[in-house]
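In what follows, a structure is listed as structure tokens, so that the remarks can point back to it.
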There are 2 protein chains.
Amino acid sequence: MTRSEENYLKTIFHLGNGDVGSINTNAIAEQMETKPSSVTDMAKKLADKGLVHYKKYQGVSMTEAGIKMALSIVRKHRLWETFLVEKLDFAWDEVHEVAEQLEHIKSEKLIDKLDQLLDFPKYDPHGDPIPGKNGEFQEHNKDLLSELPVGAHGVCVGVKDSSSAFLQYLDKHEISIGKPIQILGKEAFDGSLQLRIGEREHTVSHQIACNIYLK
Amino acid sequence: MTRSEENYLKTIFHLGNGDVGSINTNAIAEQMETKPSSVTDMAKKLADKGLVHYKKYQGVSMTEAGIKMALSIVRKHRLWETFLVEKLDFAWDEVHEVAEQLEHIKSEKLIDKLDQLLDFPKYDPHGDPIPGKNGEFQEHNKDLLSELPVGAHGVCVGVKDSSSAFLQYLDKHEISIGKPIQILGKEAFDGSLQLRIGEREHTVSHQIACNIYLK
DNA sequence: AATTAAATTTAGGCAAATCTAAAAATAGTT
DNA sequence: AACTATTTTTAGATTTGCCTAAATTTAATT
Ligand SMILES: [Mn+2]
Ligand SMILES: [Mn+2]
Ligand SMILES: [Mn+2]
Ligand SMILES: [Mn+2]
């Protein structure tokens, strides 16, 4: 597996969101910041290797082998992110770019030992589940803050958007994984929410609420 | 800097052994397990970037910028090797291949934090000095076991050959960095040495003695 | 000095991963 | 059903890093 093949595979996996449905060329191209024609080339290559199903003009979908492969890359990515935060004191908004590189390091022993060093974590710094050696993982049964009713309360268990900008916004407003959050009110006009976050009260826009998971 | 450029630069640096002299194309090709014509191509590219001096048929030598760059790659390599041994319980014969990959990860913060986690180590698992952020390092003033007289004694501070085969030989005979070693006798015929290693006595061939550093 | 040997470079080509521009297929709309 | 718009693929080119084979330069030997 080349680095590029791994990146395509991971993107296809994420776009499919665990489902089996087929992913269109354009969506992959946009996500990878590349051109549709490049995607077509790679689709053929991945199909030749048995990692995706591909029929002309029909998009791609993952095979069993492809899913397994993708999960192993995701596992590496999230373990490295966890390492960076837990052991090297990176902030949660600084880890993704570096993990994009580290996820391609080839060494089974390395990743197993890393897993052990981190005490076999189940979730990464953004609340995303870390697949185990055999691809198994437990997703939190979480809800988007934006879809909960007034009065609901729970604990922040993850974020949907993990862009640096969004994570820094959350830092500034002291929203982090593990924080208890209660919905005090909802503004009908723009969908913004009044929240109690720990001790404090804050108002967040609908856009923000769409990217925070509660449990 | 591409991965390939970094690998060439590091090889040229190591072949030069810190000296300023010029390195021939063939030597680089052999070390990199590639062809001389490929080396010529890369020599031009590195020269264009100001990392080596290159004149047709005259071999290459490193520029100041090239040395600085090479030292930063060596720093990364040796810090990662140290990490693998100290934090992930790798054996000293298992780290090189993985470090060959890890040394190309681009993140200044990552390497500085790693340095900190390891408590700013001065030497890697093979006794080689780890350059600091600004390229400074202290080489042990060490001697090859093969070049010391009978009666000499000291402490093993490094190995010249760090191949897996050699390191495993050393493990088997309980020779490791930090072990006190004394030369009890020398066989004139084949140059083999009788040693006291810690408590035990061992005989090692000349070839072995040529790859152990004492201080 | 001429010849041979070795080292090095050039020329031309190939595979991976990308691109642009044009062609083909599919989907959406009158 | 026919036309239009969108999506997707093909064709041909480019860059990087590598190769082989041939030409060139330098080094070593008669
Ligand atoms: Mn990430
Ligand atoms: Mn993550
Ligand atoms: Mn090494
Ligand atoms: Mn080393």
Side-chain angles (χ1 to χ4, degrees), chain A residues 1-16 19 21-62 66 69-70 73 97 100-101 103-106, chain B residues 1-16 19 21-62 66 69-70 73 97 100-101 103-106:
Chain A
M1 289 283 285
T2 69
R3 170 172 304 220
S4 189
E5 286 168 347
E6 291 188 347
N7 283 331
Y8 273 96
L9 207 59
K10 194 173 52 132
T11 297
I12 295 165
F13 177 75
H14 279 136
L15 285 174
D19 292 12
S22 87
I23 318 296
N24 18 298
T25 305
N26 270 5
I28 299 168
E30 189 182 0
Q31 185 70 30
M32 306 260 316
E33 296 183 61
T34 181
K35 303 291 165 179
S37 53
S38 305
V39 176
T40 300
D41 285 349
M42 186 56 80
K44 290 172 182 168
K45 200 186 302 181
L46 292 177
D48 283 347
K49 295 199 174 188
L51 299 168
V52 301
H53 299 294
Y54 170 66
K55 265 192 289 196
K56 269 195 196 182
Y57 296 100
Q58 303 305 124
V60 298
S61 59
M62 317 264 322
M69 187 84 248
I73 303 163
E97 272 68 37
E100 284 292 306
Q101 299 180 62
E103 72 190 3
H104 301 292
I105 301 292
K106 262 103 188 151
Chain B
M1 288 284 287
T2 68
R3 170 173 301 222
S4 188
E5 285 168 347
E6 290 188 348
N7 283 332
Y8 272 95
L9 207 59
K10 194 173 53 135
T11 297
I12 295 165
F13 177 76
H14 279 136
L15 285 173
D19 291 13
S22 87
I23 318 297
N24 18 298
T25 304
N26 269 5
I28 299 169
E30 190 182 359
Q31 184 70 30
M32 306 261 316
E33 297 182 62
T34 181
K35 303 292 164 176
S37 52
S38 305
V39 175
T40 301
D41 285 348
M42 186 57 81
K44 289 173 183 170
K45 200 187 303 182
L46 292 176
D48 283 346
K49 296 199 174 191
L51 297 169
V52 301
H53 298 295
Y54 171 66
K55 265 192 291 197
K56 269 194 194 182
Y57 296 102
Q58 302 305 125
V60 297
S61 60
M62 318 264 320
M69 189 83 247
I73 303 163
E97 272 69 36
E100 284 292 306
Q101 299 180 64
E103 72 190 3
H104 301 291
I105 302 292
K106 262 100 187 154

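Below, chain A is the first sequence line, B the second, and so on; all start at residue 1. Scope of the values below: all heavy atoms of this structure, side chains included, with no hydrogens, waters or symmetry mates.
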If you only use heavy atoms from C-beta on, which nucleotide in D:dT8, C:dT20, C:dT8 is closest to the side chain of A:Lys35? C:dT20
Counting side-chain heavy atoms from C-beta on, which of C:dA16, C:dT10, C:dT20 comes nearest to B:Thr40? C:dT10
Would one find a side-chain N or O of [X] under 4.0 angstrom from OP1 or OP2 of [N]?
| X | N | result |
| --- | --- | --- |
| B:Tyr54 | C:dT9 | yes |
| B:Lys44 | C:dT10 | yes |
| A:Lys56 | D:dT10 | yes |
| B:Asn26 | C:dA6 | no |
| B:Ser4 | D:dC18 | yes |

Got a sec? Which of residues 6-15 of chain B come in under 4.0 Å of DNA chain C, heavy atoms? none
Check the distance between [N]'s [atom2] and [X]'s [atom1] and give it to me in whole angstrom.
| X | N | atom1 | atom2 | result |
| --- | --- | --- | --- | --- |
| A:Met42 | C:dA15 | CE | P | 16 Å |
| B:Glu33 | D:dC18 | CD | C1' | 14 Å |
| B:Asn24 | C:dT9 | CG | C1' | 14 Å |
| A:Lys49 | C:dA16 | NZ | P | 9 Å |
| B:Lys55 | C:dT8 | NZ | P | 16 Å |

Please answer whether the main-chain N or O of A:Asn7 pairs with a side-chain N or O of A:Thr11 as donor and acceptor at a distance below 3.5 Å. yes
Is there a donor-acceptor pair closer than 3.5 Å between any side-chain N or O of A:Thr34 and the backbone N or O of A:Glu30? no
Nearest 0.5 Å, please: how far is CG in A:Leu51 from CE in A:Met1? 5.5 Å
State plainly whether the residues A:Glu100 and A:Lys10 are in salt-bridge range, i.e. N to O under 4.0 Å. yes
Side-chain ion pair, B:Glu97 and A:Lys106, N-O less than 4.0 Å: no
The answer to which of A:Arg3 and A:Tyr57 contacts DNA chain C further toward the 5' end, by nearest nucleotide, is A:Arg3
Which part of the nucleic acid, if any, lies within contact of [X], taking any heavy atom under 4.0 Å across all strands shown: a base, the sugar-phosphate backbone alone, or nothing?
| X | result |
| --- | --- |
| B:Ser37 | base |
| A:Asp41 | base |
| A:Ser38 | base |

Within a reach of under 6.0 Å around NZ of A:Lys55, are more than 12 heavy atoms found that belong to other residues, nucleotides or ligands? no
Considering only heavy atoms from C-beta outward, does the side chain of B:Glu5 approach that of B:Lys49 to under 4.5 Å? yes
